[in-house]
Every structure is written in structure tokens, then in C-alpha cells.
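The next block holds one structure in the form of C-alpha cells; read it before the comments.
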Amino acid sequence: MIQSILDNDLYKFTMQQAVHMLYPRAHARYEFINRGLTPFPDGFAEKVELKLEKMADLKLSLDQKTFLEKSCYFLTPVYLDYLESYRYDPGEVMIKQDKDILILKITGPWYRTILWEVPIMAIISETFFKMTCQKTATALERRAINLNKAKVLAANGVKFADFGTRRRYSAGNHKGLIQDLLSRENHTLIGTSNVHFAFLFNIKPIGTFAHEWFMFHAALHGYQMANPSAQDAWVKVFHGDLGIALTDTYTTDVFLSTFDTFHAKLFDGVRQDSGDSFAFVDKIIQHYKRLHIDPSAKTIVFSDNLDVEKAVKIHQYCNGRIQDAYGIGTSLTNDVGVSPLNMVVKLTQCRTSLDKSWRNTVKLSDEKGKHTGDPNELKNCMGVFHLTEE
């Protein structure tokens with residue numbers, strides 16, 4: 001299921017470089033969260049564990065390293081040498097099953113454990129569908145679905161990337177999707193978050209950073225300083241490259257309260273990952289105008305539970321007002337006639353070094369259903385920002 005060390009999303013590698021550079025002594029704990037309360041079949045944990053053990057054999061090849069050097073110029077030689085020596089350690093993952101409930105936790109140095117999230121979710125998803133043997137669309141039907149999506153997106157001028165690694169139906173279906181999209185003449189696929197398929201098809205790997213980057217900085221500097229300190233640390237590593245800022249770790253309103261002229265000019269744009277996409281467009285445009293920045297020179301990347309129809313509507317709403325791009329995930333890689341798993345793997349605790357105490361980490365989001373973390377710490381965080389439960 002995971003046959004390449006690059007079968008992961010780019011933002012995991014970029015964040016790993018940043019952690020390796022700035023926080024080499026930090027430790028992290030992640031937990032699997034089954035949002036959809038999916039019951040898992042008997043023996044599921046054992047099958048997943050076997051797949052995880054095989055990942056210890058994965059390593060970066062010379063061809064892959066050369067590809068990263070050319071396509072990901074922001075990755076340093078020091079980091080690429082480290083990645084070349086990196087091996088997954090299955091001992092960092094605890095997995096067990098209590099009847100139909102899956103329990104999975106990851107613990108270890110942050111610079112190591114940061115790579116587990118995406119491939120673990122891909123393995124869980126593919127293993128689930130293999131074990132449950134659900135009826136799916138045929139290969140010909142899947143190709144027709146993929147080609148039609150490429151047609152509609154191209155006809156409407158929607159530039160999009162594949163963001164579907166984590167909840168894909170299978171690695172094979174993921175590969176077939178990208179083949180189909182690329183086969184469409186005048187397609188508008190601009191790349192993929194999956195570095196393995198970017199390498200395989202020689203297309204652009206796409207990604208920046210995720211919520212855990214902000215969550216760690218909240219534990220390090222406090223919630224009030226989480227957003228600006230996370231952005232400043234990112235710039236320290238990448239010097240202006242990878243300039244799309246994620247807004248919703250502690251709600252977009254909180255993010256914008258410290259997204260001042262300096263940061264707004266420094267970053268190329270922002271990513272929307274929860275809440276009302278159309279209200280978000282208006283809010284971001286108004287914020288740029290308030291800072292005397294031309295919104296049409298900035299970009300919003302949309303990545304919140306997108307499908308083709310939604311992406312087209314948002315694109316039409318953005319038309320001429322602000323630049324837009326789309327990261328479409330599960331609706332691309334798991335549109336085969338089954339219900340995709342509603343799951344995440346989230347950073348739940350961190351510490352800056354072995355001799356420091358663990359700190360709980362939380363994520364608020366612009367959508368209450370996406371709040372994650374210890375309930376007491378969530379309440380504390382919301383109190384800091386004077387937010388209500390509603």
C-alpha cells in the first residue's frame with residue numbers, strides 16, 4: 001500500500017525540514033480520531049500493523065533525491081541528506097483494537113514522527129475497503145468519472161491539485177486518477193500533494209504547512225502568539241518560499257487579528273480549510289483592502305471538503321477579485337461508490353525537549369465539528385480568545 005518513502009504529502013516533508021532545523025529536541029504525540037465512528041472489522045489492527053512494519057524498509061533512492069533537488073528547490077542539501085538516511089520506526093506507533101474500535105497513537109521525536117500521519121491514514125483507508133469488500137464502480141466507470149471531472153474543471157478554468165492521499169480508496173486508484181486527469185487535453189491539474197506521484201508523473205509537488213505547525217507554536221509561545229510566531233518561524237526556514245498561510249487553527253478571525261501588513265505582504269496568500277468558503281473570500285478581500293494591499297495580487301487556496309461542483313462555484317465567486325486555486329482531495333481519490341472514512345490523525349501533545357513536561361495541543365477551526373483536542377484545553381483556548389461554544 002505504501003511502496004515509496006515519497007508516498008506522502010509534501011507539507012509533511014517541508015514541516016519535517018523546519019522541525020529538523022529549528023526544533024530538533026521536540027517530541028510529539030499524535031492520535032487517530034474516528035470522526036465518523038466507523039466500526040472496524042475483527043483483525044483490522046493486526047493487518048494495519050503488518051503494513052506499518054513493512055514501512056521500515058522504505059528509503060529514498062538516488063533518483064528520488066535528484067527529483068527533490070530539482071523540483072523542491074526549497075529543501076536544503078542538509079535536509080535531503082537526512083531524508084536519505086531516514087527510516088520509519090514502527091516502534092513509534094501503538095495500535096490495538098477494542099472490539100470494533102481502533103486505537104492508534106504515535107509518540108517520539110517530532111522530526112521523526114511527523115511523517116507517519118498521511119501514510120497511516122492511507123493504509124487504514126485501503127485496508128478497510130479491502131477487508132469490507134464493498135461493491136465499487138468498475139475500472140471503466142472510474143475512468144469516465146475522472147475524465148468528466150477533468151473536463152468540467154478545465155471548461156470552467158479551475159486550477160486544481162490532487163490533495164487526496166489520506167482518505168484514498170487505494171494507492172492503485174490514486175495512480176489511475178492522476179493518469180486519467182493528465183490524459184485529458186488542456187487539463188487544469190497543476191500538481192499533486194503526493195510527492196511519489198509527482199515523481200512518477202513528473203508533475204509539481206504542492207504543499208506548505210499544516211495545523212500542527214501552529215499548534216506546536218501555541219504550546220511554545222501561548223495561544224495569543226501562536227499564529228505570528230508560527231509564521232515567523234516558517235519564514236526563518238524558507239525565506240519567503242512556500243508562502244501560503246493556513247488561517248483556521250484558532251479560527252480565521254483570530255488569525256487575521258495578527259495578520260498585519262508585514263505578514264500579509266510577505267505571504268503570497270492564505271488557505272481556507274473550514275467554514276463558509278464564500279464568506280471567507282469576502283473576509284480575506286476586505287482584510288487585504290484594509291491593509292492597502294491589492295487582493296487581486298494575492299491567492300486563496302481552497303481545501304475544505306471540495307468536490308468539482310463546489311470548486312466551480314467558488315471560482316466563479318472569486319472571478320476578478322482575488323486569485324484562486326483548489327486542493328481537491330477525497331472526492332477525487334475515493335469516488336468509487338463507497339463512503340470514505342471520516343477520520344484524522346492529529347497532534348495531541350508536544351514538549352520542547354525530553355526534560356520538559358508534555359503540553360496539550362488543540363485546534364479550534366472555523367467549524368465546531370472540526371475542533372480537536374483535550375476538552376478542558378479546548379475550553380481554556382476558547383477562553384483566551386473570548387470565544388463561545390456556539
Side-chain angles (χ1 to χ4, degrees), residues 9-12 32-38 117-118 121-122 124-126 128-129 145-146 148-150 152-153 156 158-169 173-174 177-178 181 188-194 206-212 214 244-252 255 269-284 299-318 324-346 363-373:
D9 284 342
L10 178 63
Y11 74 85
K12 281 296 174 176
F32 170 76
I33 301 170
N34 185 3
R35 284 177 173 167
L37 303 178
T38 301
E117 173 193 351
V118 173
M121 291 178 66
I124 288 172
S125 183
E126 184 164 354
F128 178 80
F129 292 115
I145 291 170
N146 295 339
N148 183 64
K149 289 176 181 177
V152 172
L153 290 165
N156 287 276
V158 178
K159 297 178 180 179
F160 72 103
D162 153 48
F163 275 20
T165 305
R166 296 182 299 165
R167 301 180 189 91
R168 66 193 182 192
Y169 176 73
N173 188 65
H174 195 173
L177 164 83
I178 296 180
L181 295 176
T188 50
L189 179 71
I190 57 176
T192 174
S193 63
N194 187 290
I206 292 177
T208 51
F209 52 163
H211 297 103
E212 69 180 281
F214 295 86
I244 297 294
L246 183 58
T247 66
D248 70 332
T249 308
Y250 302 109
T251 76
T252 293
F255 175 88
V270 296
R271 177 158 72 94
Q272 190 256 342
D273 197 50
S274 64
D276 185 320
S277 301
F278 302 95
F280 184 87
V281 172
D282 294 337
K283 184 175 292 186
I284 295 301
T299 300
I300 300 177
V301 177
F302 297 89
S303 62
D304 178 30
N305 194 29
L306 293 178
D307 56 26
V308 169
E309 182 181 0
K310 184 177 179 182
V312 169
K313 288 180 179 178
I314 298 171
H315 175 64
Q316 292 170 345
Y317 193 72
C318 291
D324 56 314
Y326 301 82
I328 307 178
T330 310
S331 68
L332 285 182
T333 60
N334 202 341
D335 187 9
V336 300
V338 299
S339 296
L341 298 182
N342 185 1
M343 59 174 177
V344 292
V345 171
K346 286 295 181 184
K363 169 179 170 283
L364 292 186
S365 178
D366 287 329
E367 187 177 327
K368 187 178 178 182
K370 289 188 173 183
H371 291 2
T372 59

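Note that the coordinates shown come from a computational prediction; the quantities given were computed from them, not determined experimentally. By convention here, the first residue in the shown sequence is residue 1.
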Practice item. Measure the CD-CG distance between Glu309 and Asn156 for me, rounded to the nearest 0.5 Å. Key: 11.0 Å

**Study point:** Contact summary for Gly327 and Leu306, nearest pair of heavy atoms
**Key:** O-CD1, 3.7 Å

Check your understanding: Can you check whether Arg167 reaches Met121 side chain to side chain, under 4.5 Å on heavy atoms?
Key -> yes

Point to revise | Gap between atom OG1 of Thr208 and atom CD1 of Ile244 - 0.5 Å precision | key: 7.0 Å

Check your understanding: Rounded to the nearest 0.5 Å, what separation is found between the OG atom of Ser303 and the CD1 atom of Ile206?
Key -> 12.0 Å

Practice item. Please identify each residue that fulfils ring-ring contact (aromatic ring centres under 6.0 Å, His included) with Phe129, with sequence neighbours left out. Key: Tyr169

**Study point:** Gap separating the CE atom of Met343 from the CZ atom of Phe128, nearest 0.5 angstrom
**Key:** 10.0 Å

Check your understanding: For Thr252, does its backbone N or O pair with a side-chain atom of Asp366 as donor and acceptor, under 3.5 Å?
Key -> yes

Point to revise | Verdict with supporting geometry, Tyr326 and His315, side chain to side chain contact (heavy atoms under 4.5 Å, CB included) | key: CA-CA 9 Å; Tyr326 301 82; His315 175 64; 3.4 Å; yes

Check your understanding: Stepwise, does the side chain to side chain contact (heavy atoms under 4.5 Å, CB included) test hold for Ile328 with Leu153?
Key -> CA-CA 11 Å; Ile328 307 178; Leu153 290 165; 4.2 Å; yes

Practice item. Measure from the side-chain N and O atoms of Asp248 to the backbone N and O of Thr251, and report whether any donor-acceptor pair falls under 3.5 Å. Key: no

Review point. Looking at Leu189 and Ala161, what are the two nearest heavy atoms and their distance?
Key: CD1-CA, 4.1 Å

Review point. Does Ser274 offer a backbone N or O that forms a donor-acceptor pair with the side chain of Gln272 under 3.5 Å?
Key: yes

Exercise for review: Check step by step if side chain to side chain contact (heavy atoms under 4.5 Å, CB included) holds for Asp324 and Ile314.
Suggested key: CA-CA 9 Å; Asp324 56 314; Ile314 298 171; 5.7 Å; no

**Study point:** Under 3.5 Å donor-acceptor, Lys149 side chain and Ser331 backbone
**Key:** yes

Check your understanding: Under the 3.5 angstrom rule, does the side chain of Asp162 hit a backbone N or O of Gly164 as a donor-acceptor pair?
Key -> yes

Practice item. For the residue pair Leu246 and His211, establish whether any side-chain heavy-atom pair is separated by less than 4.5 Å. Key: yes

**Study point:** Rounded distance [0.5 Å steps], CZ in Phe163 versus CG in Asn194
**Key:** 11.5 Å

Check your understanding: Taking the side chain as C-beta and beyond, is there a heavy-atom pair between Val281 and Phe302 under 4.5 Å?
Key -> yes

Review point. Below 4.5 Å, heavy atoms only, C-beta onward: do Ile124 and Val345 meet side chain to side chain?
Key: no

Review point. Under 3.5 Å, side chain of Asn334 to main-chain N/O of Thr330, donor-acceptor pair present?
Key: no

Practice item. Measure the shortest side-chain to side-chain distance between Leu332 and Phe160 over non-hydrogen atoms and say whether it is less than 4.5 angstrom. Key: yes

Revision key, fill the gap. Nearest heavy-atom contact between Arg168 and Ser125 is O-OG, 2.7 Å

Review point. Is Tyr317 close to Ser277 at the side-chain level, that is, under 4.5 Å between some pair of heavy atoms?
Key: no

Practice item. Look at the aromatic rings of Phe209 and Phe214 and report parallel, tilted or perpendicular, splitting at 30° and 60°. Key: tilted

Point to revise | Any Arg35 side-chain heavy atom under 4.5 Å of Val344 side chain | key: yes

Exercise for review: Might you confirm whether atom NZ of Lys159 has over 12 heavy atoms from other residues, nucleotides or ligands at distances under 6.0 Å?
Suggested key: no

Point to revise | Ion pair check, Asp304 and Lys370, cut-off under 4.0 Å | key: yes

Review point. With the threshold set at 4.0 Å, does a side-chain nitrogen-carboxylate oxygen contact exist between Glu117 and Arg166?
Key: yes

Review point. What heavy-atom pair brings Phe255 and Thr247 nearest, and what distance separates the two atoms?
Key: CB-O, 3.2 Å

Check your understanding: Do the side chain of Thr333 and the main chain of His174 share a donor and acceptor less than 3.5 angstrom apart?
Key -> no

Review point. In Å, rounded to the nearest 0.5 Å, how long is the span from NZ of Lys363 to OH of Tyr250?
Key: 10.0 Å

Check your understanding: Any side-chain heavy atom of Ser193 within less than 4.5 Å of one from Leu10?
Key -> no

